[in-house]
Amino acid sequence: LSSSSACPRLRMMRTRLPTLLRTSVRALHTAPAPMAKAIPPEAFQQKMTHGLVPGEPTFNEGVGHYFDEAAALTSWPKGLLASLKEVDSLLSFKFSIEDPSDENIIHTIKAYRAQHSHHRLPCKGGIRFSTLVNEDEVRALAALMTWKCAIVDVPFGGGKGGVVVDPKAVGVDMLEKITRSYTAELIKRNFIGPGIDVPAPDMGTGGREMAWIVDTFRNFKPDEVAGQGCTTGKPIEIGGIAGRTEATGLGVFFGMREAFKNKGWCKKMGLTEGIRGKSVIIQGFGNVGSWSAHFFHEAGVKVTGIIEYDGGIYNKNGLDIPSLLKYYGEQKTITKFPGGDTLSAAKCMELMEEQCDILIPAALEQQITKNNAGKIKAKIIGEAANGPTTPGADKILNERGIIVLPDMYLNAGGVVVSYFEWLKNLSNVRFGRMTRRFDTNRGEAILEALSLSGVKVPDELRSRITRGASEKDLAFSGLEDTMISSLDQIVNTKAEVDKKYNSNITLRVAAYITAINKVAKVITGSGTVMFG
């Protein structure tokens, strides 16, 4: 096409694509702003000691330990189990970015993307921006995503990515360059796409970064009709889904609520049935921790303590969560919140050992170790973070009779609603668009029929009957159903295995067995593995 006949979109692509496709630093990035402050080298230095708890396995070794424990209780061939344990593909690479203060200063940035299992495609998993990112962590998180997706019946393989950068130490413009460069590297290696590998937000990233990824991807592949589906967790205007931001925290609440409906567990904990009136301490007040606190508070649970990296707060009578959320939004910290006692950064981890019914670790991995597991007073632990409990701690907690709802189940709300977002992007239709008005009209017809029959319907009930489901309603409904049915599957697996082996396996082992069986059935059923 000539420039005069080409559509505006193609003219824009002709201008932008040559720039994006070049690999040189000068072509990828704009000229540095004058008098800009140099970025400290520490912003890109990998902290290799992260996650190494003395006497405990690394994060990835811990995931492997749990897998082996569960695999031994299945009947699948050893060769298949060995294959399931390992990561299928691991991309480790570097790219360079000019410092905004001086084009002669070049920062070399380390990055990863792991695809644990290709039994189902696309692979799915978040992208972390942190100096704590390392290969061991990426391998472990990718594996957890495979098992997590299997548990909640989401048809994805597990993936995970990370960039070694401190996002707080670089400016927004620099973050955009890093994000787009990382995306370009993934595209060149065919490691991203709605049918290949679909990233999502994680620690240090959010909807903004996902929007940059989508824009970069669509500039490389403008003919990809479902191109918005190359990531999830996007802003709604870029193809995101209503309710994705709250999803993981809401899933944590749904899972814990269901746990308190189990009569046997409540008897074991010495607590009454039902979650209302229980007390909870939450480690982490980021997206997952803050939304978990919000939903617990709404349900009548007393949130007595919050632990953050810079300190903690405690109020045995319960914190005012709406006020705390407002305070945190304004001050960017929970410390010195007037509604509770402030603990210093050095002392706040002691709240993990404070009296409470529920403990929710919603921060980083390896927070509950053999060093503090014996001091925890909570009756039940809900792993909102990935890998917060080490194998040594898990053994101690089990011996003490403390119930642990494992991460691969409890924090799956994000990937469940991400799955809904991906489906939305494939169809390019908002959920509820074709049914909401129909449902409203049908409700009004029902009310009219009741009125003609002389039945008076209260106003509150009238509203519930006539209101059609919004996209968020449908997403939350699907999430609630998933969390209920998935926990039932785990409980049933535990009962079956305990009966077969006269054992008392943990919910974590039961979850792994459930996931392993599902993935193994897909692989053997599709004929991708031959035995004999």
Side-chain angles (χ1 to χ4, degrees), residues 16-33 36-48 50 87 89-115 123 125-139 141-142 159-193 196-206 208-221 230-231:
R16 298 183 69 180
L17 274 174
T19 300
L20 286 168
L21 286 169
R22 293 180 189 173
T23 57
S24 70
V25 173
R26 290 180 182 275
L28 273 171
H29 310 301
T30 58
K37 186 177 179 180
I39 298 173
E42 294 79 14
F44 308 105
Q45 289 179 359
Q46 194 171 41
K47 297 180 181 179
M48 299 301 293
H50 172 67
V87 168
S89 303
L90 176 67
L91 184 61
S92 175
F93 59 95
K94 296 178 181 179
F95 57 91
S96 299
I97 301 284
E98 287 179 2
D99 191 278
S101 67
D102 187 344
E103 64 180 15
N104 294 314
I105 300 176
I106 305 296
H107 297 287
T108 300
I109 302 171
K110 183 73 175 174
Y112 304 90
R113 185 69 187 177
Q115 296 175 349
C123 291
I127 296 175
R128 289 187 170 188
F129 281 7
S130 169
T131 54
L132 303 178
V133 168
N134 57 69
E135 182 177 322
D136 183 89
E137 178 187 68
V138 170
R139 284 178 176 273
L141 292 170
K160 203 70 180 184
V163 179
V164 181
V165 59
D166 179 358
K168 295 180 180 179
V170 301
V172 174
D173 289 346
M174 190 67 163
L175 275 178
E176 181 175 358
K177 293 174 183 178
I178 290 170
T179 303
R180 290 184 182 275
S181 294
Y182 177 73
T183 306
E185 295 296 329
L186 295 182
I187 294 170
K188 288 193 294 183
R189 294 165 172 82
N190 204 31
F191 254 68
I192 187 173
I196 299 171
D197 193 344
V198 180
D202 201 289
M203 182 171 62
T205 60
R208 177 185 62 184
E209 286 76 18
M210 297 306 107
W212 291 336
I213 291 174
V214 169
D215 183 66
T216 305
F217 181 84
R218 300 204 76 170
N219 273 289
F220 274 90
K221 301 192 176 184
C230 72
T231 70

The test is side chain to side chain contact (heavy atoms under 4.5 Å, CB included); show your working for K221 and I187 and say whether it passes. CA-CA 9 Å; K221 301 192 176 184; I187 294 170; 4.3 Å; yes

Please report the closest heavy-atom contact between [X] and [Y], naming both atoms and the distance.
X    : Y    : value
D99  : S101 : OD1-OG, 2.5 Å
V138 : A114 : CG1-CB, 3.4 Å
A43  : V170 : CB-CG1, 4.3 Å
G159 : R113 : C-NH2, 4.2 Å
D202 : I127 : CB-O, 3.3 Å
A200 : M210 : C-SD, 3.6 Å

Side chains of [X] and [Y], heavy atoms from C-beta outward: is any pair under 4.5 Å?
X    : Y    : answer
T131 : F44  : no
P199 : I192 : yes
F220 : T183 : no
T205 : R128 : no
R180 : D215 : yes
N190 : I196 : yes
S89  : F191 : yes
D166 : S130 : no

Quick check, are the ring centers of F93 and Y182 under 6.0 angstrom apart?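 Between Y182 and F93, which both carry aromatic rings, the centre distance is below 6.0 Å.
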
Rounded to the nearest 0.5 Å, what separates atom [atom1] in [X] from atom [atom2] in [Y]?
X    : Y    : atom1 : atom2 : answer
T179 : M174 : OG1   : CE    : 11.0 Å
D173 : I178 : CG    : CD1   : 11.0 Å
S181 : I97  : OG    : CD1   : 3.5 Å
I39  : I105 : CD1   : CD1   : 9.5 Å
E135 : Y112 : CD    : OH    : 6.0 Å
R139 : L90  : CZ    : CG    : 5.0 Å

CA sep, side-chain torsions, deciding dist, call: I109, K94, side chain to side chain contact (heavy atoms under 4.5 Å, CB included): CA-CA 5 Å; I109 302 171; K94 296 178 181 179; over 6 Å; no

Please test D197 against Q115 for side-chain hydrogen bond (donor to acceptor under 3.5 Å, both in side chains), starting from the C-alpha separation and ending with a verdict. CA-CA 8 Å; D197 193 344; Q115 296 175 349; 3.0 Å; yes

Hey, mind stepping through K110 and S92 against side chain to side chain contact (heavy atoms under 4.5 Å, CB included) and telling me if it holds? CA-CA 8 Å; K110 183 73 175 174; S92 175; 2.8 Å; yes

Should the pair E137-K160 be classified as a salt bridge under the 4.0 Å nitrogen-to-oxygen rule?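 The answer is no: the pair does not qualify as a salt bridge.
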
Has Q46 got a side-chain atom pairing as donor or acceptor with V133's backbone, closer than 3.5 angstrom?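 Here the side-chain-to-backbone pair exists.
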
